[in-house]
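Note that ligands are numbered from 1 as they come in the structure, with each ligand's atoms numbered from 1 the same way. Note that the numbering runs from 1 along the sequence shown for the chain.
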Amino acid sequence: MPASNPSEKILILWFRKDLRLADNAALSTAVDEGFRILPVYIREPGSAGTGPLGAAQAWWLHHSLTALAASLETLGARLVLRSGPADSVLSSLIAETGASAVFWNRRYDPRGIVIDRAIKAELSERGLELRSFAGQILHEPTKLKTGAGGHFRVYTPFWRALDGSGEPAEPIPAPKALSAPADWPESEALERWALLPTKPDWAAPFNDVWTPGEAGAHHRLDAFIKTGLKGYRERRDFAAEPHVSMLSPHLALGEISPASVWQATRGLSDDYSSEDTIHFRKELVWRDFSYHLLFHFPDLATRNWNAKFDAFPWQDAPDLLQKWQKGETGYPIVDAGMRQLWQTGFMHNRVRMIVASFLIKDLLIDWREGERWFRDTLVDADPASNAASWQWVAGSGADAAPFFRIFNPITQGEKFDPEGIYVRRFVPELKAMPNKFVHRPFDAPLTVLRDAGVSLGKTYPAPIVDHSKARDAAMAAFQKLRAE
Ligand code: FAD
């Protein structure tokens, strides 16, 4: 039976993609209203939103939950872990603890929305207090509307509407103390969830790059503002330079709120150019725009936004797909990107565009294969940004790059990694190649290759396709599609 004394009332705080204590509206409201708080994380079957949890993000989730549990402990609370469909897990917890309220922060992926709506309806009917809050994105997908009252399909007016709708609210500080239930229900052991890889532990190198958890997220943001933000507008496309924030995996699991990121770039000294700040915010808003698209087009990860692409003659080429996945295409910038992904669970944005263009337009492989691979291998895998970005590169999406914009992997490499630093970091076979040929070893004279210790087809792959021929084939397929 629920307690009648308000300070005895137990509230289940359901953590999902908001693994943080600061700027967590559900948590701060529960604290302000004097509930005894029971923090819970549910491992839902086959889903962390849209589709199964990818292996790289599972690694992240393990460490993020560990960090969250440790922070809760400092406030005298615990994190209860349970597995199963969310509705039945919540029902059991309510029965075990007598909880009378459930709060959460909203999620916007299609499966999550369906699950949450059903739970809200059922538990409210049973007399529980059910409340949900905003915070995963800057603006609710239903709030921003075009002049005609519909949803946006083009980024620039979306940005204008968002920017014109005022600053996001000031972030709410983390609570200093939590009131805990007198008895704790049982929790599953995180180790039993087997989120970490073993035999082999392919994620071991991730530890050198990342510190999952809320403290790691704030540390990453501070470091970016100190050393990366200046020059962001001009240098963010240069793959080897530290002018990107690498905040995306922290944002993907909500260890930091996008409003906190936005607000941290307010009121900076005159040392900072407003151009850099605005450009950075504009990138952050691509994340919101992707959620806006996903909300209004729930099949974004599986169906062409532009149905014309349904007739595109994709190749079924598992060998080529595998070479792309392994970073063995013979195009150094593509291989460096795919190996950065493998080694760190991350890839620089410019390089993501290059490798995606290569898969879709040089290999003519369906963008959904790329979307799937990224979902499994990115620590920042995000149902909205990943799907929207793949459709953007394919040309099938809303406000997408036109299909005929085909990246040349050689000139893109030369432009955005002019000294080959990024390529040499992830493709050590090419370490000794001179700058002139580091992005085109196949054009190097034999003596140059020999001096650099490179033997094409042996120490480093020969190109798996000829880019200019592949480009022509892609254009021909696209022209045919357009004519149909
Ligand atoms: P910064 O340049 O520091 O930008 C700050 C934040 O803005 C990012 O953390 C991110 O949250 C957001 N952002 C920046 N660019 C974009 C963008 N183009 N679209 C949406 N949000 C953006 N991003 C993901 O978070 N998850 C994905 O699964 C994902 N898949 C992608 C797949 C492809 C094919 C491409 C081309 C892009 C993808 N992106 C994805 C978008 C983008 O590449 C990453 O958000 C960015 O590289 C993250 O690095 P950062 O944090 O250093 O970005």
Query raised in the report: Under 30°, 30 to 60°, or over 60°: which ring-plane class applies to H296 and H151, parallel, tilted or perpendicular?
Result: parallel
Query raised in the report: Any idea which protein heavy atom is nearest atom 50 (P) of ligand 1, and the distance to it?
Result: M246 N, 3.5 Å
Query - Shortest protein contact, atom 53 (O) of ligand 1 (heavy atom only) - result: S245 OG, 4.1 Å
Query raised in the report: Counting N and O atoms only, with roles assigned by atom type, does the side chain of D335 sit under 3.5 Å from a partner on the main chain of E328, one being a donor and the other an acceptor?
Result: yes
Report task. For atom 1 (P) of ligand 1, find the nearest protein heavy atom and state the residue, atom name and distance (0.1 Å precision). Result -> Y232 OH, 3.6 Å
Requested in this report: Go through ligand 1 atom by atom and flag the ones less than 4.0 Å from a non-hydrogen atom of L378.
Outcome: 27 (C), 28 (O), 30 (N)
Report task. Output yes when a side-chain donor or acceptor of S385 lies under 3.5 Å from a complementary backbone atom of D382, and no otherwise. Result -> no
Query raised in the report: For ligand 1, which atoms, with element, lie under 4.0 Å from some heavy atom of L251?
Result: 9 (O), 11 (O)
Report task. Looking only at distances, please establish whether an N/O atom of ligand 1 is found under 3.5 Å from an N/O atom of L247. Result -> yes
Requested in this report: Would you list the pairs meeting ring pair (Phe, Tyr, Trp, His ring centres under 6.0 Å) in which at least one residue belongs to residues 347-372, sequence neighbours left out?
Outcome: Y331-F358
Report task. Taking N386 for its side chain and A381 for its backbone only, find out whether a donor-acceptor pair lies under 3.5 Å. Result -> no
Query raised in the report: So, E283 versus Y232: side-chain donor-acceptor pair below 3.5 Å or not?
Result: no
Query raised in the report: Hey, does H348 come in under 3.5 Å of ligand 1, counting only N/O atoms on both sides?
Result: no
Requested in this report: Indicate, as side chain, backbone, both or neither, the part of V261 found under 4.0 angstrom from ligand 1 when only non-hydrogen atoms are considered.
Outcome: neither
Query raised in the report: For ligand 1, which atoms have a heavy atom of R287 less than 4.0 angstrom away?
Result: 11 (O), 20 (C), 21 (N)
Report summary line: atom 9 (O) of ligand 1: closest protein heavy atom, distance to 0.1 Å, is S248 N, 3.1 Å
Query raised in the report: If you measure only the distance, is there a donor-acceptor pair under 3.5 Å linking the side chains of W342 and T377?
Result: no
Requested in this report: Report the nearest protein non-hydrogen atom to atom 39 (N) of ligand 1: residue, atom name, distance rounded to 0.1 Å.
Outcome: R352 NH1, 3.5 Å
Query raised in the report: Looking only at distance, does N386 have an N or O less than 3.5 Å from an N or O of ligand 1?
Result: yes
Report summary line: Among non-hydrogen protein atoms, atom 6 (C) of ligand 1 lies closest to L284 CD1, 4.0 Å
Query - Residue M353 vicinity, atoms of ligand 1 by number, heavy atom under 4.0 Å - result: 36 (C)
Query raised in the report: At a 4.0 Å cut-off, with the gap strictly under it, does some heavy atom of F346 reach an atom of ligand 1?
Result: yes
Query raised in the report: With atoms numbered from 1 as shown, which atoms in ligand 1 lie under 4.0 angstrom from a non-hydrogen atom of D382?
Result: 26 (N), 27 (C), 28 (O)
Report task. Provide, to 0.1 Å, the distance between atom 5 (C) of ligand 1 and the closest protein heavy atom, together with that atom's residue and name. Result -> F280 CE1, 3.4 Å
**Report entry** Pick from H250, H279, E283: the one approaching atom 14 (C) of ligand 1 most closely through a non-hydrogen atom
**Finding:** E283
Report task. On the 0 to 90° scale, with breaks at 30° and 60°, tag the W286-F289 ring pair as parallel, tilted or perpendicular. Result -> perpendicular
Requested in this report: Quick one: sort the F152 and H292 rings into parallel, tilted or perpendicular, breaks at 30° and 60°.
Outcome: tilted
Requested in this report: Starting from atom 47 (O) of ligand 1, locate the nearest protein heavy atom and write down its residue, its atom name and how far away it is, to 0.1 Å.
Outcome: N349 CB, 3.3 Å
Query raised in the report: Which ligand 1 atoms are under 4.0 Å away from a heavy-atom of A381?
Result: 28 (O)
Query raised in the report: Mind checking whether W324 and F374 have parallel, tilted or perpendicular rings, split at 30° and 60°?
Result: parallel
Return all side-chain donor-acceptor pairs below 3.5 angstrom for residues 220-228, not counting sequence neighbours, or 'none' if the list is empty.
unit_1 : atom_1 : unit_2 : atom_2 : d
R220   : NH2    : V209   : O      : 2.7
T227   : OG1    : A223   : O      : 2.9

Report task. Could you give me the CA-CA distance, side-chain angles and deciding distance for R236 and E241, then say whether salt bridge (Lys or Arg N to Asp or Glu O under 4.0 Å) is met? Result -> CA-CA 8 Å; R236 58 178 288 274; E241 296 191 16; over 6 Å; no
Query raised in the report: So, R20 versus N105: side-chain donor-acceptor pair below 3.5 Å or not?
Result: no
Query raised in the report: When you measure from atom 34 (C) of ligand 1 to each heavy atom in W392, Y155, W390, which option holds the nearest one?
Result: W390
